[in-house]
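A short worksheet on the structure shown next.
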Amino acid sequence: MDFKQAIASSLAESTALDAKELITWLETPPSPEMGDYAFPCFKLAKTLRKAPPVIAQELSRSLALPEGVQRAEAAGGYVNFFLDKTAQAKAVLERVFTQGERYGGSDLGKGRNVCIDYSSVNIAKPFHIGHLPTTVIGNALYRIYNHLGFHSVGINHLGDWGTQFGKMIVAYKLWGDHETIEQGGVDELVKLYVRFHREAESDPSLDDAARAWFKRIEDGDPEALSLFEWFKALTLKEVEQVYEILGIRFDSYAGESFYNDKMGRVVDELRGKGLLKLDQGAQIVDLSEYKMPPCIILRSDGATLYATRDIAAALYRKDTYDFAKCLYVVAYQQDLHFRQWFKVVELMGYSWAKDLVHVSFGMVSGTEGAFSTRKGNMVKLRDVLSAACEKTYEIICEKSPDLEEKKTVARQVGVGALVWNSLYNGRIKDVVFDWDAVLNFDGETGPYAQYTHARACSVLRKANYAPAPVDYSVLTDTEAAAVVAAIGAFPDAVVEAMEKNEPYLVTRAVIGICAAFNKFYYEQRIMADDEIVRQARLTLTDATRKVIAIGLNLLGIAAPERM
RNA sequence: GUUCCCGUAGCUCAGUCGGACAGAGCGACCGCCUCCUAAGCGGUAGGCCGGGCGUUCGAGUCGCCCCGGGAACGCCA
């Protein structure tokens, strides 16, 4: 923030060091009583040939305190800076009200596109709990980048290509029924798929038939194509219902099949640049120099592979969107795959290879091990969503029987709880899906943040709050100051979340605000008798609820005003 | 076997490009609604930060080795 800048500049004058360097040295003390910013003097000890505590003493005395900084105190090897709480409250709250919806945002990414490849559902496969992380993390990043002035391009890279669709057609023609499938949707398709595999074990001719049908899709045979499109439409219809519930939309559904006619370019280019090598019948790019297995571009039968398609997609996206970054929100299992083809793009001579980022995340498993369609222990996203909403509905009936629109709020809170869970921790952590954990709404959960928001809204409603000039000096008590500090820390958290592609940093910033506000709410009476105090506290409450709403919105979570 | 990731309180995790006594939530136990939403707030208990060596004024954080868990490793995506 501005105060940090000012302190760094002031330190720069006294130490003859670069302010930009110094600002990175400044840290936040472990507890608020120790000040708002701390400057560790250890690094100066060598050059100044003095003990850190001595340097701290001298600095604390000689420094010219910038505007808004009340005092500087030496504490061991640190100089602690104490902000003038009134000035801090004024600066932070005015910024909130000036920027409004855009608080925590900026024009950092102005004019630059960011492609975000996420969710990427498979056609004719169920949308299960394992798809939640990519969907929700991708969506949050989409919103975070937009908030920082980038233009996000959300891409659902559909899994809509491969021999499995030949299998689907064979199964459908043998055992399927149009009406049943129209009714049952993806579940029916999965049944057919499972049956195909069972029967193919004893009847290998089925696999031949499947290959033949897939060939017909590739060749554009009308019957094959229409069945294929039908499966696709059925799947998308179901999936879009879930996106609707989650409030997610995509700018592009260009999936695997979309790049079918765009892979020749990749092969030609690789060959032209002398990167392709024939090995065991396949065309590969040798990566042994980079300690990686080769990247296979063409199978020995001439067919393309996953990597070929991803490279084609990257080239297309660069041409189409001229992205500043292209993110792939995909589980860490595919780490090697991305490292391989990113390297291939680099070897092709494209400097933008460095802008390709694998945003990896941990895997979701059940309490009894990995989910698998075959084992049938897979948990469908829709089931989890409805369970969460039902549970929420019960709680509302119990706690807020008079609430109107219970169903709507139950949905917002139930869905919010689920989304929050996927954005609460660092991406890389594995997740064991556990109903009890998912349906627990106490503590640092989505409902907690939503509750805090609703609570603040409730106070403002009851008080008939209207904006008016504020005496910020009455917001200097410990609890109010903590709320101010938490709100003030929000913008940096958003930037860091973008830089690291880690939405949980926003989640944690929201928690910080909620915790501080709830404490404030408990300790200080917002609707104080004193009019000056009341107006100031209401203003703080208003700012709080606004920033919580912004934070939740960045995470893709609704902020109901009552619950 | 090789490479990558992870290992912090009973459980789930955070720990600011190394820095001030290691934090939070859940669970357990104990408190707080005649007063603004108790989906809240407070307190107690609970940790040789997997182990060792090293770098450093200083290591949960960096390097090396070991142990434990996960993932990937050529014609699937």
Side-chain angles (χ1 to χ4, degrees), chain A residues 24-31 34 38 40-43 45-46 51-52 75-78 80 120 122 159 161-164 256 279-284 291-301 303 305-307 309-310 330-337 339-340 360 362-363 365 392 395-396 398-400 403 413 417 424-426 428-432 434 436-437 440-452 454-463 489 492-493 496 504-505 508 511-512 514-515 517-528 534 537-538 541 562-563:
Chain A
T24 65
W25 291 16
L26 282 173
E27 40 190 88
T28 308
S31 84
M34 301 167 87
C41 302
F42 307 95
K43 288 177 192 167
K46 249 180 204 158
Y78 294 88
N80 290 335
S120 300
N122 294 316
W161 203 247
T163 44
Q164 71 264 32
E256 294 170 3
D279 196 276
Q280 298 172 33
Q283 295 289 340
I284 64 157
K291 291 185 195 162
M292 284 188 276
C295 184
I296 305 180
I297 301 298
L298 289 176
R299 286 197 320 218
S300 33
D301 66 1
L305 279 107
Y306 189 31
R309 206 170 293 269
D310 270 342
V330 179
Y332 68 64
Q333 277 96 326
Q334 300 197 29
D335 191 50
L336 176 61
H337 168 253
R339 277 173 35 225
Q340 285 180 306
S360 61
M363 59 179 247
S365 59
T392 310
I395 295 176
I396 290 175
E398 181 193 325
K399 300 195 187 229
S400 316
L403 184 67
V413 176
Y424 179 58
N425 288 324
I428 203 66
K429 297 286 177 183
D430 285 335
V431 180
V432 176
D434 175 20
D436 290 340
N440 173 34
F441 298 160
D442 293 330
E444 296 178 347
T445 61
Y448 170 75
Q450 291 172 315
Y451 173 81
T452 309
R455 195 183 218 188
C457 289
S458 169
V459 175
L460 294 170
R461 239 181 352 253
K462 288 216 167 126
D492 283 349
E496 201 186 347
Y504 87 94
L505 292 166
R508 302 284 173 151
I511 290 174
C514 292
F517 179 77
N518 283 320
K519 176 86 170 153
F520 168 69
Y521 176 94
Y522 185 82
E523 300 289 344
Q524 309 286 348
R525 188 160 172 76
I526 296 170
M527 284 200 244
R534 186 170 65 234
R537 288 182 179 163
L538 284 169
T541 302
R562 302 169 200 256
M563 64 184 271

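Note on naming: letters A, B, ... go to the chains in the order of the sequence lines (proteins, then strands), and numbering restarts at 1 for each one. Small disclaimer: the values here were computed from a predicted structure and weren't measured.
Between A/K291 atom NZ and B/rA72 atom C1' the separation is 17 Å, expressed in whole Å. The CD-P distance, from A/E27 to B/rA20, rounds to 7 Å in whole Å. If you take CH2 of A/W161 and P of B/rC76, they are 16 Å apart, rounded to a whole angstrom. Taking atom CZ on A/F517 and atom C1' on B/rA39, their separation rounds to 15 Å, with Å as the unit. Rounded to whole Å, the distance from CD on A/E496 to P on B/rA14 is 13 Å. The interatomic distance linking A/L336 (CG) with B/rC73 (C1') rounds to 6 Å, in whole Å. Distance, A/I284 CD1 to B/rC73 C1': 14 Å, rounded to whole Å. Rounded to a whole Å, the CZ atom of A/F441 is 9 Å from the C1' atom of B/rA39.
Taking the P atoms as reference points, B/rG18 lies 43 Å from B/rC29, given to the whole Å. Taking the P atoms as reference points, B/rA45 lies 14 Å from B/rG23, given to the whole Å. Rounded to whole Å, the P atom of B/rU55 lies 37 Å from the corresponding atom of B/rA71. Taking the P atoms as reference points, B/rC33 lies 16 Å from B/rG42, given to the whole Å. For the C1' atoms, the distance from B/rG51 to B/rC67 is 7 Å, rounded to whole Å. Between B/rU61 and B/rU8, the two C1' atoms lie 11 Å apart (nearest whole Å).
For A/R537 (side chain) and A/R525 (main-chain N/O), a donor-acceptor pair under 3.5 Å exists by modelled atom type. Formation of a donor-acceptor pair under 3.5 Å by the A/N80 side chain with backbone atoms of A/A38 is not found in this model. Formation of a donor-acceptor pair under 3.5 Å by the A/N518 side chain with backbone atoms of A/C514 is found in this model. Between the side chain of A/R534 and the main chain of A/M527, no donor-acceptor pair closer than 3.5 Å is present. Side-chain atoms of A/R508 come within 3.5 Å of backbone N or O of A/Y424 as a donor-acceptor pair.
Taking the syn range as angles within 90° of 0, the glycosidic angle of B/rC73 is outside it, so the base is anti.
At a threshold of 4.5 Å between non-hydrogen side-chain atoms, the residues A/R299 and A/L305 count as touching. Between A/R562 and A/C457 the shortest side-chain heavy-atom distance does not fall below 4.5 Å.
Within the nucleic acid shown, A/V413 comes within 4.0 Å of at least one base atom, counting heavy atoms only. A/D301 comes within 4.0 angstrom of no nucleic acid atom, judged by non-hydrogen atoms across all strands. Residue A/A282 is classed as a base contact, given a heavy-atom separation below 4.0 Å to a base. Within the nucleic acid shown, A/P52 has no heavy atom closer than 4.0 Å to any nucleic acid atom. A/G426 comes within 4.0 angstrom of the backbone, heavy atoms only, and of no base. As judged by a 4.0 angstrom heavy-atom cut-off over every strand, A/P293 is placed among residues touching the sugar-phosphate backbone only. No engagement by A/S360 is indicated, since no non-hydrogen atom pair under 4.0 Å with the nucleic acid exists. Residue contacts for A/Q450: at a heavy-atom cut-off of 4.0 Å it reaches no nucleic acid atom on any strand shown. Among the heavy atoms of the strands lying under 4.0 Å from A/M563 is at least one base atom, whether or not backbone atoms are also near. Base contact: A/Q334 has a heavy atom under 4.0 Å from a base atom. Residue-level contact check: A/A38 touches the bases, meaning some heavy atom is under 4.0 Å from a base atom.
Shown here for A/S300 and A/Q280, the closest heavy-atom pair between the two residues is CB-O, 4.4 Å. Listed here is the closest heavy atom pair of A/L505 and A/A493: O-CB, 3.9 Å. The two residues A/T445 and A/D442 have their closest heavy-atom pair at CG2-O, 3.1 Å. When all heavy atoms of A/D430 and A/G362 are compared, the closest pair comes out as OD1-CA, 3.3 Å. The two residues A/I284 and A/D279 come nearest to each other via the heavy atoms CD1-CB, 3.7 Å.
Closest contact between the side chain of A/I395 and the listed nucleotides B/rC26, B/rA20, B/rA39 involves B/rA39. Out of B/rG40, B/rU12, B/rA39, the shortest distance to the side chain of A/N518 is found at B/rG40. When distances run from any side-chain atom of A/A75 to the nucleotides B/rC57, B/rA20, B/rG25, the shortest one goes to B/rA20. The side chain of A/N80 lies closest to B/rA20, out of B/rA77, B/rA20, B/rC57. Of all nucleotides listed (B/rU16, B/rA72, B/rG40), B/rG40 comes nearest to the side chain of A/Y448. The side chain of A/Q333 approaches B/rA71 more closely than any other nucleotide in the set B/rC21, B/rG74, B/rA71. Closest contact between the side chain of A/Y306 and the listed nucleotides B/rA39, B/rA77, B/rC57 involves B/rA77.
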Kindly give the atom pairs (protein nitrogen or oxygen, nucleotide nitrogen or oxygen) under 3.5 Å for nucleotides 4-8 of chain B.
{"unit_1": "B/rC4", "atom_1": "O2'", "unit_2": "A/D335", "atom_2": "OD2", "d": "3.4"}

Give each protein N/O atom lying under 3.5 Å from an N/O atom of nucleotides 54-56 of chain B, with the pair distance.
none

Open item on the list: One character per nucleotide, please: for nucleotides 30-36 of chain B, 5' to 3', B when the base has a protein heavy atom closer than 4.0 Å, S when only the sugar-phosphate does, - otherwise.
Closed with: --B--SB

Task: 5'-to-3' dot-bracket of RNA chain B (Watson-Crick, G-U; under 3.5 angstrom; crossing pairs as [ ]; | other strand) - done: (((((((..((((.....[...)))).(((((.......))))).....(((((..]....))))))))))))....

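A residue-by-residue look at A/K399 and A/L505 shows that A/L505 has its nearest nucleotide of RNA chain B further toward the 5' end. For the pair A/A454 and A/M34, nearest-nucleotide mapping onto RNA chain B gives the more 5' position to A/M34.
Judged as a ring pair (Phe, Tyr, Trp, His ring centres under 6.0 Å), and not counting sequence neighbours, A/Y332 has no contacts. A/F42 is linked by a ring pair (Phe, Tyr, Trp, His ring centres under 6.0 Å) to A/Y78, counting only residues two or more places apart in sequence or in another chain.
Here the OH atom belonging to A/Y521 is positioned 9.5 Å from the OG1 atom belonging to A/T541, to the nearest 0.5 angstrom. One finds the CZ atom of A/F441 at 9.5 Å from the CD atom of A/Q450 (value rounded to the nearest 0.5 Å).
Contact check, A/R508 against B/rG25: no side-chain N or O comes under 4.0 Å of OP1 or OP2. In terms of phosphate contacts, A/Y504 brings a side-chain nitrogen or oxygen within less than 4.0 Å of OP1 or OP2 of B/rG15.
Donor-acceptor pairing under 3.5 Å is lacking for the side chains of A/D335 and A/S360.
If you check distances only, the side chain of A/D442 never reaches the base of B/rA38 with a donor-acceptor pair under 3.5 Å.
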Open item on the list: Walk me through whether A/Q334 and A/Y306 qualify under side-chain contact (heavy atoms from CB on, under 4.5 Å).
Closed with: CA-CA 11 Å; A/Q334 300 197 29; A/Y306 189 31; 2.4 Å; yes

